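So the structure is just underneath, and the comments pick up after that.
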Amino acid sequence: MAQLVNIAAGYIKAPDAVMAAQAELLRAAQASADRARSLTLAAVMCVGFFYAFWRVSPELRARVLCEAFLRRLFFLSAVVAILTTIGIVASLLFEAVRFFREISLFDFFFGTHWSPMTALRPGDTAAADEFVAGSSGSFGMVPVMAGTLLVAVIAMAVAVPIGLFSAIYTSEFASRRVRNIVKPTLEVLAGVPTVVYGFFAALTAAPFFRDLGLVVGLDVSSQSALAAGGVMGIMIIPFISSLSDDVITAVPQSLRDGAYGLGSTRGETIIRVVLPAAFPGLVGAFLLAISRAIGETMIVVMAAGVAANMTINPLESVTTVTVQIVMLLTGDNEFDSVKTLSAFALGMTLFVITLLLNVAALTASRRLGQRYE
Amino acid sequence: MSDFLSPNFLVFAATIVAAFLSFYLATGRVRKQAIASQTKSHSLNQYYGFYVSLWVLVPAILLALIWMFAADPMLTSAAKARMECRLSEPT
Amino acid sequence: MNNPIEMIQPDAKTQARFEKIAQGLKKRHAASRRLKTYGIMAIVTAISFLAILLTTIISNGYTAIQQTELQIALTIPAEKLQNDDGAIDPVKARNFNWNGLIKKAFRAEFPDVTAMLDKRALGEILSKNAGYDLRRQIEAKGVIPTGGTKLWIKTSDDVDMLMKGRLDRNLDESQRRLSDQQIGWIDKLVADDRIRLVFNDTFFTAADSREPESAGVLGATVGSAMALFVTVLLALPLAVMAAVYLEYFAPPGRVTDFIEVNINNLAAVPSIVFGLLGLAVFLGFFGMPRSAPLVGGMVLALMTLPTIIIATRASIRAVPTSIRDAALGLGASRMQAAIDHILPLAAPGILTGTIIGIAQALGETAPLIMIGMVAFIVDVPTTLTDPATALPVQIYIWSDSAERAFYERSSLAIMVLLTFLITMNISAVLLRRKFEKKW
C-alpha cells in the first residue's frame, strides 16, 4: 500500500500495469480531493469573512472578542504540556498492554532471562525451556534492570563524592571570585552532549580500563559497566554539584552562626550542622541524579553491552533498559512484533521509575523548604 | 523549487493574502462607519481587523487540519479496497 | 591586669583541660583544612575530567581536517565524453569508467606489478570513490583536462591514516590494514613528492558515505538545522503563550496546578521516552515519514518546551510589577499589558532561554534515533520531509564504524558540534549581559 502511495507521488516507478493503473486512479482521486479542499477552504473563508465583516460596526466589542480568543489560545498552549504527558502515558501504555497480552506481567517483571532477539535453543537450561514456547525470545527484565542499576550505582559512586565535595567547597570555602569561575566551568560538563560522553566512554575509557586490567591481571570486558558508569558519573557531577550547592546555600546563616558561636570550626560546622540541615535537599539532588543516570541513553548505547548478564561485577559487560529500547527499535523491525512491543514495556517501566524518583526528589526538597520557613 | 508552486503552497499563500486583505477591509469599514455615525468605535481599529482575519483564518486552519487527518487515509483506504478487489479477481 | 582570664588562677586540673582543648583544637583545625582540601581535590578532578575529555577529542580529531591526496598523470579520452558540439554529455560522463581510468593510469606507473593480487593491492591505495570525485570535479569545471595532466586524487582511508601516523608501521603485517608491499609503494610515492595532505573540504561539503574519505558533515548539519528550525517554530510561540497564560491569566485551581506539575515533570522525563512518544504517536498514529527532520523537530520541540516555558516565566517575573500596574492604570486591558508591555521587556530573557533550550536540543541524540534519523543517508536533505540525520546522530553512526578514519572524523564532527554549542551558549551569555536590566 505504501508502495502504491509512492508510485502515485511519482517517487518510484510502477512495477506492472495493474499497479500503474491503480496509482493513476489514486493520483486522480488525490488531485480531485485537493481541488475539493481548495474550494471548501475558499468557501469557508468567504463565509467567515462575510459573517465577521457584516458584524463589524463601531458598537462591536472587537477587542474583547479578540482577547477572549487569544486567552483561549494561550490556555490551549499551556494544555500542550498536559497533552504531551497524556501522549507519553497513552502511547507507552497502549503498546505495553499489547505486549502484556503476549507475555505475562509476572514473566516480564520477575523473569531472569532476557534475550528478545533470538529464540532460545531448546534444552539450554531448565528455566529457559518455558520461554521457548514464546518463540521469539524471552522477556524477563530482571537482568536488564540489574544492569541499569549497576551502571547507575557506579555513576553515583563517581559523581556523589566529587559533586558533593565540590559543592561544599564552592558554597562554604570558596571566595566569590573562585566560585564565579568554578561553577560555570563545572556546568560546561553538563552542556557537553551525551553522545560526546558516549564516544569518550566507548573509544577512550573502555580501552583504557581494559588495558589497565591487562596490566593488573584482571579480565576486563571491552564493554565493561565500569567504563560506561564511570563516564556517566562524570556527566552527572555538575547536576549533583550545582543542586547540592543550591541546597547548602539555602541553609540559613543563623545555623552556621550558632555553631561558630559555640566554638566549632568551619569543618565541624559543615559536617555536624550544615549537611544534616541540608540532608533532605541533598537526598532530593541525589534522587534526581539517579533518575538522570537511569534514563541516560547514549553513553550506555555506545559503551555498554547488549547481552543481558546478571552480574554485580563492574568489570563485566551489562546491558541497560535504554540500550535495549534502542536495540529493539532500530533496524527493520515490524512495528507490532513482540520484540518492538517489549521496548515499549521497558519504556513504560523507565518512565514510571524516573517519575517516582522525580516525585520523591521533589517531596524531599520540599521538606527542606518547610523545615526552615 | 517546484515546492513553491505546489498546490499546498499556493493554498497557503492565498490564505495569508486573504487574511491581510480582510484585515484592511475591516479596518476601513469600521473607520468609515465611525465617521458616518459620528461615534467613537468601541475598540482600536486594528482590533476589528484582527477580528475579521481571525474569522477568516481559524475556521480555514481547523478545516485544513481535519482534512489532513481524514482525507488522505480515506483516499488510501479506498485505493486499497480497489486493489484488493483487483487482486481477488481471477487472473 | 584587667583581663579576667589572667585574673583567674587556674588550678592544675583546669590547666590540663585547657591544654587538652588546645591540643584538640589543632586537630580540629586540621580536619577542617582537610575538608577544604577534599573540596579542592574534587573540583580539580572534575575540571581535569573536562580537560581530558576535550584534549582526547581534539588530539584525535584535528588530523581529520586534512586529507591525503595522490598525484597521477591522467589522459582522459575527451571524445568518449563529449557531445558533437564539444560539451560534456552527462549521460556519457556517468557511464564512463572513471575508476578504471584512474586505476589503469596508476598501475601503468608500476609496470613491474603484474600479479593479480598485487594489482588489487595497488588499487587499494586509491579511494574507492576516486572516479566519482573526478567526474564531479570535471563536470563542475566543464572542461576536460588535456592528456597527461597531473591531477590530485584522494587516497583510501588506510593510506590517509598511515600518512597521519595513525597506522602503526611496527605492527605485525597480518594485523595491519596495509601490507609491507603497499607501505613500500607509498613510501616511494612520498619520496617522489607525489603524496600531499590538503585541507579536507569534503568533510564540510558532503553528506555521509561508506568511504571515510568521501564522508562529510554537511548533510547532518543541514538535518540538524532543519530539525531545530521546526523546534523553534513550534516551541517558542507555544512556550511564550503558555508562560503568559500561567503567569497572568491562569485562575488558581486544580487545572493550573496540574499544568504546572506536568511542566515540571516533563522537564525531567528521560529524552528517550520522548523518542518513544514520537515513534508511537507521530510515526505510528499519524503516519508521518520516518527519518524526517520535521518529526525530529516536533519531538525536540516537545522536549524543550518545558525548558523554554520555565525560562520565559522567570523572565516575565523579572519584569517589575510596576510596569504592568502602570499599563493597567492607564487603561490597558490585561492582554494589552501582557503583550505590549511585559513581553517586549521580557524578550531578551526569553531569547536567552530559547537559545539554551535549542542548544540542549542540538546535542540530543536518543529521541532522534528512535524516530529513525539514524539511517545511512548520502544526500543533503532539501525539504523537511526528506530523510536526514542530525549532527549528534552522525557522530554516533561514525563512532560505530570499524574504520580508524571514521574514528578521526567523528572526533572532528564532535568538535564541529561543540563549536556550535559554544557559540550558542556564548551568544546567550552575551545577550543576557547586554540586555539585562537592573530594575
Side-chain angles (χ1 to χ4, degrees), chain A residues 1-10 14 16-73 76, chain B residues 6-8 10-11 14-15 18-19 21-22 25-64 67-68 71-72 74-80 82-87 89 91:
Chain A
M1 204 55 226
Q3 195 190 354
L4 191 62
V5 173
N6 279 335
I7 296 168
D16 55 44
V18 179
M19 280 298 256
Q22 289 297 327
E24 194 53 51
L25 273 176
L26 178 60
R27 198 179 322 162
Q30 275 171 351
S32 61
D34 267 357
R35 230 169 298 132
R37 184 187 64 176
S38 305
L39 288 178
T40 330
L41 277 181
V44 165
M45 281 196 274
C46 282
V47 169
F49 173 76
F50 283 116
Y51 169 71
F53 197 71
W54 168 71
R55 281 194 58 182
V56 165
S57 73
E59 293 88 56
L60 180 73
R61 309 193 323 154
R63 199 200 73 233
V64 177
L65 293 170
C66 284
E67 286 181 353
F69 170 77
L70 274 186
R71 194 176 305 180
R72 231 159 272 158
L73 189 69
L76 284 181
Chain B
S6 70
N8 280 334
L10 286 180
V11 169
T15 316
L21 202 65
S22 48
L25 286 176
T27 44
R29 178 178 158 99
V30 79
R31 197 180 297 130
K32 253 184 248 158
Q33 285 192 352
I35 292 167
S37 62
Q38 296 203 325
T39 51
K40 212 164 160 267
S41 37
H42 169 270
S43 315
L44 296 171
N45 284 343
Q46 52 173 0
Y47 283 102
Y48 295 92
F50 287 138
Y51 174 72
V52 178
S53 333
L54 282 178
W55 265 105
V56 172
L57 276 183
V58 175
I61 290 173
L62 288 181
L63 181 81
W67 202 283
M68 199 163 79
D72 267 2
M74 265 164 64
L75 285 178
T76 19
S77 62
K80 194 176 187 173
R82 276 200 304 273
M83 276 292 276
E84 271 152 14
C85 200
R86 287 296 293 260
L87 289 178
E89 277 172 21
T91 43

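Remember, it's a predicted structure, so these values are computed and weren't measured experimentally. Chain A is the first sequence line, chain B the second, and so forth, proteins listed ahead of strands; every chain is numbered from 1.
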- Item | Nearest heavy atoms of B:A60 and A:V44, plus distance in Å | N-CG1, 4.0 Å
- Message: If I take atom CZ from residue B:F50 and atom SG from residue A:C66, how far apart are they, to the nearest 0.5 angstrom?
- Response: 7.0 Å
- Item | A:L70 CG to B:L54 CG distance, which is reported to the nearest 0.5 Å | 7.0 Å
- Query: Can you tell which of B:S43, B:S37, B:S22 has the highest number of heavy-atom pairs within less than 4.5 Å of chain A?
  - Reply: B:S43
- Note on the structure: Cut-off 4.5 Å, heavy atoms of chain A, and the answer for B:A18 is side chain
- So which heavy atom on B:Y48 is nearest to which on A:S57, and how close? CE2-O, 3.3 Å
- Go through the atoms of A:Y51 and report whether side chain, backbone, both or neither lie under 4.5 Å from a heavy atom of chain B. side chain
- Query: Would you say the side chain of B:T15 lies within less than 4.5 Å of the side chain of A:M45, judging by non-hydrogen atoms?
  - Reply: yes
- Is any side-chain heavy atom of B:W55 closer than 4.5 Å to a side-chain heavy atom of A:F49? no
- Query: Side chain, backbone, both or neither: which part of A:V56 has a heavy atom under 4.5 Å from chain B?
  - Reply: both
- Query: What closest approach, in Å, do B:Q33 and A:P58 show between heavy atoms, and which atom pair accounts for it?
  - Reply: OE1-CD, 3.2 Å
- Close side-chain approach of A:R55 to B:V52, heavy-atom, < 4.5 Å: no
- Task: Check B:H42 against A:R61 and note the closest heavy-atom contact, atom names and distance.
- Result: ND1-CA, 3.2 Å
- Can you check whether B:W67 reaches A:L41 side chain to side chain, under 4.5 Å on heavy atoms? no
- Please tell me if the side chains of B:Y47 and A:E67 come closer than 4.5 Å, counting only heavy atoms from C-beta onward. yes
- Task: Please state whether the side chain, the backbone, both or neither of B:T39 comes within less than 4.5 Å of a heavy atom of chain A.
- Result: side chain
- Query: Is chain B contacted by the side chain of A:L65, its backbone, both, or neither, given a heavy-atom distance below 4.5 Å?
  - Reply: side chain
- Item | Region of A:F53 in contact with chain B, defined by heavy-atom distances below 4.5 Å | both
- Considering only heavy atoms, which portion of A:A36 lies under 4.5 Å from any heavy atom of chain B: side chain, backbone, both, or neither? both
- Side chain from CB out, backbone as N, CA, C, O: work out which of these in B:L57 comes under 4.5 Å of a heavy atom of chain A, or both, or neither. neither
